Amino acid sequence: MSHVKGAGSVTITTNVPGKRLGVKKFAGEKVVCGNIIVKQMGSVYHPGKNVKMGNDFSIYAVAEGEVRFRRMRGFKRGKYHVDVITTK
């Protein structure tokens, strides 16, 4: 048996690339059907009018129009909703 404790392995950390999350189309920008508006982890932003949420919580437009963000009052921190206002 050894009388000296063995040396531990060195932890090798690798640089992991970012996930490119965040708002892709800002308020007032024009979008077409299928454009991704927000990429997120979890539901920070919630879908509103003419907008749907994908399986990976990404929010995308289902109609052509202009992006609007609104904040719902009455909650502890307020929920953000994303809408696409159709222009005719």
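Quantities reported herein were computed from a predicted structural model and do not represent experimental measurements. Just so you know, residue 1 is the first one in the sequence shown, and it goes up from there.
- In this structure, the separation between CD on Glu29 and CD on Glu66 is 9.5 Å, given to the nearest 0.5 Å.
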Check: residues 58-65 side-chain donor-acceptor pairs under 3.5 Å, at least two apart:
unit_1	atom_1	unit_2	atom_2	d
Ser58	OG	Asp56	OD1	2.8

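- Placement of Ile85 and Val67 in two distinct hydrophobic clusters is found when ILVMFWY residues are connected by side-chain heavy-atom separations under 4.5 Å, directly or transitively.
- Taking 4.5 Å as the limit, every side-chain heavy atom of Ile37 sits out of range of all side-chain heavy atoms of Tyr45.
- Dense packing is recorded around NZ of Lys24, with more than 12 heavy atoms of other residues, nucleotides or ligands lying under 6.0 Å away.
- The hydrophobic cluster containing Leu21 does not contain Val23, counting ILVMFWY residues as joined when their side-chain heavy atoms lie under 4.5 angstrom apart, directly or transitively.
- Minimum heavy-atom separation, Lys39 to Arg20: CB-O, 4.2 Å.
- No side-chain donor-acceptor contact under 3.5 Å links Asp83 to the backbone of Arg68.
- In terms of hydrophobic clustering, with Ile, Leu, Val, Met, Phe, Trp and Tyr side chains grouped at heavy-atom distances under 4.5 Å, Val44 and Phe69 are assigned to a common cluster.
- At a threshold of 4.5 Å between side-chain heavy atoms, the hydrophobic network of Ile, Leu, Val, Met, Phe, Trp and Tyr places Val38 and Phe26 in one connected group.
- To the nearest 0.5 angstrom, Met53 atom CE is 6.5 Å from His46 atom NE2.
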